[in-house]
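Each remark here refers to the structure printed beneath this line.
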Amino acid sequence: MAAETGSPENYMKLELLARPENVALARVAVAAFAAQANYTLADLEEIKLCVSEAVSNVVLHAYPGGPGPVIIAAYFRAEELVIEVSDQGVGIADVEKAREAQFSTLPDHMGLGFVFMESFMDTVAVESAPGRGTKITMTRRLPSGIAAETGEGKDRGRELDP
Amino acid sequence: MAAETGSPENYMKLELLARPENVALARVAVAAFAAQANYTLADLEEIKLCVSEAVSNVVLHAYPGGPGPVIIAAYFRAEELVIEVSDQGVGIADVEKAREAQFSTLPDHMGLGFVFMESFMDTVAVESAPGRGTKITMTRRLPSGIAAETGEGKDRGRELDP
Amino acid sequence: MVRVEARFLGGTLSVAIGGELDLYTAAEVADRIDRALDDHVVRQLDLDLGAVSFIDSSGLGVIFGRYKKMRHRGGHMQITRVSPVALRVLQMAFVDRIIPVVGSAGPRPRAGGEGSGHGS
Amino acid sequence: MVRVEARFLGGTLSVAIGGELDLYTAAEVADRIDRALDDHVVRQLDLDLGAVSFIDSSGLGVIFGRYKKMRHRGGHMQITRVSPVALRVLQMAFVDRIIPVVGSAGPRPRAGGEGSGHGS
Ligand SMILES: Nc1ncnc2c1ncn2[C@@H]1O[C@H](COP(=O)(O)OP(=O)(O)O)[C@@H](O)[C@H]1O
Ligand SMILES: Nc1ncnc2c1ncn2[C@@H]1O[C@H](COP(=O)(O)OP(=O)(O)O)[C@@H](O)[C@H]1O
């Protein structure tokens, strides 16, 4: 059982309404999933941060007419954890510009969301088109030794707070 | 924002592989969602327990040939929280019998899952047919005063551990 | 998210369980206790559930299974400490009427132990 | 999951934030600080982030927004304590190069306060 933990076929898919109070739920769920690999607590903090940024972006930008769905998927693949955050919202006209540091279409926003995602993840891909929603795919290398996870990894990994 | 918290339209839908290591994730996610209403910590413990029982049942019974998907949905409706746990597994031939205390088709199992769900939830409905999967729908009344939730409720509700 | 600590002293095996006792952790907990039971001639099994933060019917199954095992061997079993969360679940299933619960929630008594330690 | 505690004493408003500082809690935290800023003639804003368990760019926005407000009013702002998690995020965004961080993680200094208390 423990040996299968974090093995490639495991996945989670979470659908929520893109509202501020659901952002914490999204990051807690992904962190609890990621904890099945033996990431350190610091790793899990960084993963939480990136999920928080991607989901907050959907809340802030995707649905100006009122909250729509945000889908958070995560799975293990070969040597990495893959996290996808997608919406069916307005989309991004200029993805290059959106990814620039300090660029934000909202006043009073620092435009740091993409900066954080790129800092803490190994890869960040953005698929988006105006009117056709946005999908962010982030990957993060698994900690070494995942296949050898033991009861100790189980202990440590699940000690999370929301 | 806070006033909308826990309002009827909010929902979550989580799909996981029915494996033992995912049971904790399911109950943490639902508890974090339920915490948006101002349930007490004891209420949230009971909700966690029922989700754990329903999801464990899918892991144990639904897919003898190897793990398939389990879908955990939750939403607020009028005066209650609704939690649905469904699978596309083998189904239950005799639902009446399955719900009896101490009935289990597995040796060494105590047959307490349904007993717990019925003890801690206000209603528990089972839809199932052999070969067509199972859907458990549980409801639990909202704590009084949900519409009046304040920052304090926000404080208390989210202090959860997996 | 589960911790198991076992100590054997004078015929009594004392096992402290902490964390979450569910379908995922149940097999491991049962296995650790059973290994300790097989290593010694145990007349009494004392279970400390004071640090259990979550328990469901799979967790109860582990406890009840150990109880049956001790009975089968002609030994005794009791629960020396139990967290409030765990006590409610034990009571709900009437397990507390079968397995004596002699302690309750409270600060953990210092383990006095020269006994042989068993993993953690 | 956020706590805000404000004390005013001798021209200095001291605000301690605990818990999660994200999109959901940001507006409330900003609002509580701004109300305290409006109630007093504040020359200095001391922010204690020692108990912040999570912060993302929305949380940083609150902090940076208060900094801009204090600057605009001709006052000063500093961060007196910061949890390790929060420090990393501040550093990543170079916010620590703009807003002085004078303290670091450690046990929370006793609030000496006769100052007027503001909510919690
Ligand atoms: N899911 C999304 N839907 C629509 N637009 C988005 C989405 N995510 C990001 N954007 C756009 O990209 C810009 C930059 O995003 P980001 O770097 O996170 O900064 P911020 O959220 O602070 O504006 C946003 O201002 C917005 O215009
Ligand atoms: N999702 C499910 N799919 C198939 N069978 C199920 C499912 N849930 C419950 N059952 C059946 O109902 C019985 C009673 O369930 P329960 O009261 O939870 O006890 P236990 O899980 O200990 O057997 C199970 O033994 C099983 O035969």
Side-chain angles (χ1 to χ4, degrees), chain A residues 16-28 30-31 40-63 67 70 85 98-121 159-162, chain D residues 1-4 17-34 37 47 49-72 77 79 82-99 104-105:
Chain A
L16 298 167
L17 214 46
R19 302 208 311 196
E21 66 267 38
N22 291 331
V23 177
L25 170 47
R27 65 175 179 257
V28 173
V30 175
T40 65
L41 284 181
D43 290 340
L44 294 173
E45 285 304 330
E46 294 176 359
I47 290 168
K48 265 194 196 171
L49 177 67
C50 294
V51 173
S52 203
E53 296 298 343
V55 175
S56 294
N57 271 351
V58 179
V59 176
L60 285 168
H61 307 296
Y63 300 108
V70 53
V85 176
R99 294 179 73 146
E100 280 171 20
Q102 277 151 60
F103 174 85
S104 175
T105 47
L106 285 183
D108 262 354
H109 277 259
M110 296 170 80
L112 284 173
F114 279 119
V115 175
F116 281 165
M117 292 183 252
E118 275 156 20
S119 303
F120 289 121
M121 290 284 158
E159 266 164 45
L160 283 175
D161 58 308
Chain D
M1 192 38 185
V2 75
R3 298 174 298 278
V4 182
I17 303 177
E20 300 184 19
L21 204 39
D22 71 354
L23 183 61
Y24 182 48
T25 59
E28 183 181 331
V29 172
D31 193 59
R32 293 211 194 171
I33 298 177
D34 288 352
L37 284 177
L47 219 55
L49 304 178
V52 168
S53 58
F54 180 84
I55 181 168
D56 61 12
S57 70
S58 301
L60 277 186
V62 173
I63 293 169
F64 202 66
R66 288 340 94 192
Y67 171 75
K68 287 197 288 186
K69 197 162 215 159
M70 287 305 294
R71 283 282 298 255
H72 184 77
M77 172 171 158
I79 294 170
V82 58
S83 63
V85 164
L87 183 60
R88 292 181 70 211
V89 173
L90 290 175
Q91 286 172 337
M92 179 64 58
F94 301 116
V95 168
D96 63 317
R97 298 199 192 169
I98 300 168
I99 306 173
S104 67

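Everything quoted here is computed from the prediction, not taken from an experiment. Residue numbers start from 1 in every chain, and the chains themselves are labelled A, B, ... in the order their sequence lines are given, proteins ahead of strands.
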Rounded to the nearest 0.5 angstrom, the CD-CZ distance for A:Glu45 and D:Phe54 is 7.5 Å
So CG of D:Leu60 and NE2 of A:His109: to nearest 0.5 Å the spacing works out to 12.5 Å
When rounded to the nearest 0.5 Å, the distance separating CD of A:Glu53 from CG of D:Leu23 is 9.5 Å
The interface call for D:Val95 against chain A, heavy-atom contacts under 4.5 Å, is side chain
**Prompt:** Salt bridge check: are D:Glu20 and A:Lys48 linked by an N-O gap of less than 4.0 Å?
**Reply:** no
Comparing A:Leu49, A:Leu112, A:Val59, A:Asn22 against chain D, the one with the most heavy-atom pairs below 4.5 Å turns out to be A:Leu49
What one should report as the nearest heavy-atom pair of A:Phe116 and D:Ala93 is CZ-CB, 4.1 Å
When the 4.5 angstrom heavy-atom criterion is applied to A:Ala42 and chain D, the contacting part is both
CG of D:Asp56 to CZ of A:Arg27, rounded to nearest 0.5 Å, is 6.5 Å
